[in-house]
Amino acid sequence: MPIGREARGRLLMQWVIRPAREEDFAFILDSWAKATRDEPWSGVIPNNMFMAVLQESVKQLMLRGMKLSVAVNPERDEQIVGWLASEPGRPPETIVHAIYVKQPFRRMGTAKQLLAAVGLSPTDPFPYTYRSRLSRAFPNAKHLPGIARRHKV
């Protein structure tokens, strides 16, 4: 597995980025829920309904064109280290709905590689819809949750 170092000494890994497969969805939904459920931006959805609401939101987003990309270990393509949910917006915009990286693989360039796969960098001014405390890693991104509530972009 190719490994490099950034100028500040952080370990960088080279992951394979591939489209999500059906067998990846359970992990994606579970990690999406865990990453956002207890955040102050999640609104007032009752805990017993959170997963059902998230599943329906993801289903509707996929029907309108959202794609799920996963970063995987190049030696074990079923080992997901992170994922990105995105869709094309009004040209030339790309909307990031959510991005997740497993804790042990953070600060290794994983999010940067996932964003690069859809033509973005962490410093780009892209809109995003699901927010967590880790969203601060994208200083120029703008939280626009209303985009995910519409039927069309």
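Quick note: numbers below take in every heavy atom, side chains included, and nothing from hydrogens, waters or symmetry partners.
Considering CZ of R107 and CE of M13, their distance stands at 15.5 Å, rounded to 0.5 Å. With values rounded to the nearest 0.5 angstrom, H143 atom NE2 is found 5.5 Å from Y128 atom OH.
Taking the side-chain hydrogen bond (donor to acceptor under 3.5 Å, both in side chains) definition, one finds that R18 meets it with D24, D77, sequence neighbours left out. In this structure N47 satisfies the side-chain hydrogen bond (donor to acceptor under 3.5 Å, both in side chains) test together with R37, sequence neighbours excluded. For E23, the salt bridge (Lys or Arg N to Asp or Glu O under 4.0 Å) test picks out R21, with sequence neighbours left out. Legend: residues meeting side-chain contact (heavy atoms from CB on, under 4.5 Å) with N140, ordered by chain and number and at least two apart, are T123, P125. Scanning for side-chain hydrogen bond (donor to acceptor under 3.5 Å, both in side chains) contacts around E78 gives R76, with sequence neighbours left out. Listed by chain and residue number, S31 satisfy the side-chain hydrogen bond (donor to acceptor under 3.5 Å, both in side chains) test with W83 (two or more places apart in sequence, or in another chain). Qualifying side-chain contact (heavy atoms from CB on, under 4.5 Å) partners for R149, counting only residues two or more places apart in sequence or in other chains: P145. Considering only residues two or more places apart in sequence or on other chains, D38 meets the side-chain contact (heavy atoms from CB on, under 4.5 Å) condition with none of them. Listed by chain and number, the residues in a side-chain contact (heavy atoms from CB on, under 4.5 Å) with S86 are L84, T94, V118 (sequence neighbours excluded).
Of all the heavy atoms in L144 and T129, the pair that sits closest is O-CG2, 3.4 Å. Of all non-hydrogen atoms in L29 and M51, the two that sit nearest each other are O-CE, 3.9 Å. Smallest separation of non-hydrogen atoms from I95 and P88: CD1-O, 4.4 Å.
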Less than 3.5 Å apart, which donor and acceptor atoms pair up between the side chains of residues 52-62 and the rest of the protein, not counting sequence neighbours?
residue : atom : partner : partner atom : Å
E56     : OE2  : Q60     : NE2          : 2.8
S57     : OG   : V53     : O            : 3.0

Side-chain polar contacts of residues 130-137 - donor-acceptor pairs under 3.5 angstrom, sequence neighbours left out - could you list them?
residue : atom : partner : partner atom : Å
S132    : OG   : L134    : N            : 3.2
R133    : NH1  : E39     : OE1          : 2.5
R133    : NH1  : E39     : OE2          : 3.4
S135    : OG   : S132    : N            : 3.0
S135    : OG   : S132    : O            : 3.0
R136    : NH1  : R133    : O            : 2.5

When the side chains of residues 99-106 are checked against the rest of the protein, which donor-acceptor pairs come out under 3.5 Å, sequence neighbours left out?
residue : atom : partner : partner atom : Å
K102    : NZ   : I80     : O            : 2.9
R106    : NE   : V101    : O            : 2.8
R106    : NH2  : V101    : O            : 3.0

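V96 and M66 are not part of a single hydrophobic cluster, where members link through side-chain heavy atoms under 4.5 Å apart.
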### Query
Would V81 and V72 count as a side-chain contact (heavy atoms from CB on, under 4.5 Å) if you check the C-alpha gap in whole Å, the side-chain angles of each, and the deciding distance to 0.1 Å?
CA-CA 6 Å; V81 297; V72 298; over 6 Å; no

